[in-house]
Colleague: 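My structure is below; once you've seen it, I'll send some questions.
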Amino acid sequence: MTINTLNLEKSWSVLEPLLTIRNEMEYQQSLEQLHDLIDQVGTDEQHPLYSLLDTLGILVEAYEAEHVQIPDVTGVDLLQYLIEEQGLTLADLPEIGAQGDVLQVLNGEQELSLQQIRAVSERFQVSPAVFI
């Protein structure tokens with residue numbers, strides 16, 4: 001396939017901002033675009049913009065690998081974050097057990113069982129691996 005550089009040159013001014021991440025501002029813009037595309041495209045691989053979503057995701061991931069330090073967090077840290085993020089109380093987590101059981105897990109006095117891990121990962125739509 002031969003690339004028509006004249007047509008590409010005309011389109012590149014529109015595409016280039018979507019496909020270039022050189023600094024924090026462009027990274028934030030790319031994240032916004034990525035979230036918008038996820039909302040629009042979802043997981044529909046037949047959607048006309050799916051390949052753009054996939055490509056932008058790869059670019060964001062590459063930028064993050066080089067420039068964004070992700071803090072080490074434990075499964076309990078993540079669970080605490082998810083509880084706070086969703087405004088839940090200890091009573092809102094029957095997947096773990098009674099309020100006392102939830103408190104023991106959050107205080108590090110008790111580990112989540114495999115059954116509890118499966119249940120909370122399903123509830124919060126995250127990989128079970130994050131709680132291990």
Side-chain angles (χ1 to χ4, degrees):
M1 175 171 118
T2 304
I3 296 175
N4 182 331
T5 56
L6 183 59
N7 286 341
L8 183 58
E9 207 172 303
K10 291 176 185 175
S11 302
W12 186 245
S13 63
V14 175
L15 293 173
E16 194 260 344
L18 290 173
L19 301 174
T20 306
I21 306 173
R22 293 176 291 229
N23 55 48
E24 181 66 23
M25 185 179 78
E26 290 177 354
Y27 169 67
Q28 291 301 324
Q29 291 170 341
S30 294
L31 281 179
E32 289 177 31
Q33 285 289 339
L34 185 60
H35 290 146
D36 290 345
L37 282 168
I38 290 170
D39 290 343
Q40 184 177 351
V41 175
T43 58
D44 180 4
E45 293 182 15
Q46 304 308 311
H47 193 285
L49 296 177
Y50 184 82
S51 61
L52 177 59
L53 168 67
D54 190 41
T55 301
L56 188 55
I58 291 168
L59 293 170
V60 166
E61 184 177 14
Y63 183 88
E64 288 175 341
E66 191 171 327
H67 300 284
V68 178
Q69 178 142 1
I70 298 173
D72 290 332
V73 296
T74 66
V76 172
D77 293 335
L78 178 61
L79 182 59
Q80 182 69 41
Y81 170 79
L82 291 168
I83 291 169
E84 290 173 14
E85 173 78 14
Q86 296 189 14
L88 302 174
T89 66
L90 301 180
D92 295 326
L93 295 163
E95 300 88 348
I96 296 175
Q99 291 181 38
D101 296 327
V102 177
L103 191 56
Q104 285 184 323
V105 168
L106 295 176
N107 288 334
E109 299 166 6
Q110 177 180 318
E111 291 187 14
L112 291 170
S113 70
L114 288 177
Q115 182 180 357
Q116 290 168 324
I117 289 172
R118 285 186 192 109
V120 293
S121 67
E122 186 175 312
R123 176 188 185 135
F124 293 114
Q125 298 296 301
V126 297
S127 169
V130 301
F131 296 112
I132 296 176

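These numbers come from a predicted model, not from an experiment.
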Colleague: Locate the shortest heavy-atom distance separating S127 from S121; write the atom from each residue and the value.
Modeller: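 Of all heavy-atom pairs spanning S127 and S121, the closest is C-CB, 4.0 Å.
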Colleague: Please tell me whether Q33 and Q29 have a donor and an acceptor in their side chains that are separated by less than 3.5 angstrom.
Modeller: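 Note: Q33 and Q29 side chains miss the donor-acceptor criterion.
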Colleague: Which heavy-atom pair separates L106 from V76 by the least distance, and what is that distance?
Modeller: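 Scanning both residues, the minimum pair turns out to be O-CG1, 3.5 Å.
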Colleague: Heavy-atom count around Q115 CD within 6.0 Å, excluding the residue itself: above 12?
Modeller: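 Check fails, neighbour count at 12 or below.
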Colleague: So how far is it from K10 NZ to L15 CG, rounded to the nearest 0.5 Å?
Modeller: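 It is 14.5 Å, given to the nearest 0.5 Å.
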Colleague: Locate the shortest heavy-atom distance separating I21 from S30; write the atom from each residue and the value.
Modeller: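 Residues I21 and S30, closest heavy atoms: CG1-OG, 3.3 Å.
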Colleague: So do V105 and D101 actually touch side chain to side chain, heavy atoms under 4.5 Å?
Modeller: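 Of all side-chain heavy-atom pairs linking V105 with D101, none is under 4.5 Å.
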Colleague: Ignoring hydrogens and angles, write down the donor-acceptor pairs under 3.5 Å from the side chains of residues 49-61, residues two or more places apart or on other chains.
Modeller:
| residue | atom | partner | partner atom | Å |
| --- | --- | --- | --- | --- |
| T55 | OG1 | S51 | O | 2.8 |

Colleague: Is the CG atom of L8 crowded by more than 12 outside heavy atoms at less than 6.0 Å?
Modeller: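 Yes - once you tally the heavy atoms of other residues, nucleotides and ligands closer than 6.0 Å, there are more than 12.
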Colleague: Out of curiosity, L19 CG to E26 CD, how far, rounded to the nearest 0.5 Å?
Modeller: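 One finds 11.0 Å between CG of L19 and CD of E26.
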Colleague: Please determine whether residues L88 and L78 belong to a single hydrophobic cluster, defined as Ile, Leu, Val, Met, Phe, Trp and Tyr linked transitively by side-chain heavy-atom distances below 4.5 Å.
Modeller: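 Yes, because L88 and L78 connect within a single hydrophobic cluster, where side-chain heavy atoms sit under 4.5 Å apart.
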Colleague: Check whether any side-chain heavy atom of V120 sits under 4.5 Å from a side-chain heavy atom of L82, and report yes or no.
Modeller: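 A side-chain contact is absent here, since even the closest heavy-atom pair is not under 4.5 Å.
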Colleague: Can you name the residues that form a side-chain contact (heavy atoms from CB on, under 4.5 Å) with N107, not counting sequence neighbours?
Modeller: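 Checked N107 against side-chain contact (heavy atoms from CB on, under 4.5 Å); matches are L103, E109.
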Colleague: Go through the structure and list residues passing ring pair (Phe, Tyr, Trp, His ring centres under 6.0 Å) with Y27, not counting sequence neighbours.
Modeller: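 If we apply the ring pair (Phe, Tyr, Trp, His ring centres under 6.0 Å) test to Y27, skipping adjacent residues, the hits are Y63.
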Colleague: Evaluate the side-chain proximity of T5 to W12: yes if any heavy-atom separation is below 4.5 Å, no if none is.
Modeller: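 In short, these two side chains do not touch, never coming nearer than 4.5 Å.
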Colleague: Salt bridge (charged side-chain N to carboxylate O under 4.0 Å, His left out) with E64: which residues, sequence neighbours excluded?
Modeller: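 None.
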Colleague: Could you check Q28 against E24 for side chain to side chain donor-acceptor pair (under 3.5 Å), going step by step and ending with a plain yes or no?
Modeller: CA-CA 6 Å; Q28 291 301 324; E24 181 66 23; 2.7 Å; yes
Colleague: What residues form a ring pair (Phe, Tyr, Trp, His ring centres under 6.0 Å) with H47, not counting sequence neighbours?
Modeller: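 Expected list: none.
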Colleague: Output every pair passing side chain to side chain donor-acceptor pair (under 3.5 Å) with a member in residues 72-98, not counting sequence neighbours, ordered by first then second residue.
Modeller: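 Of all non-adjacent pairs touching residues 72-98, those that pass side chain to side chain donor-acceptor pair (under 3.5 Å) are T74-D77, Q80-E84, Y81-E85, T89-D92, E95-R123.
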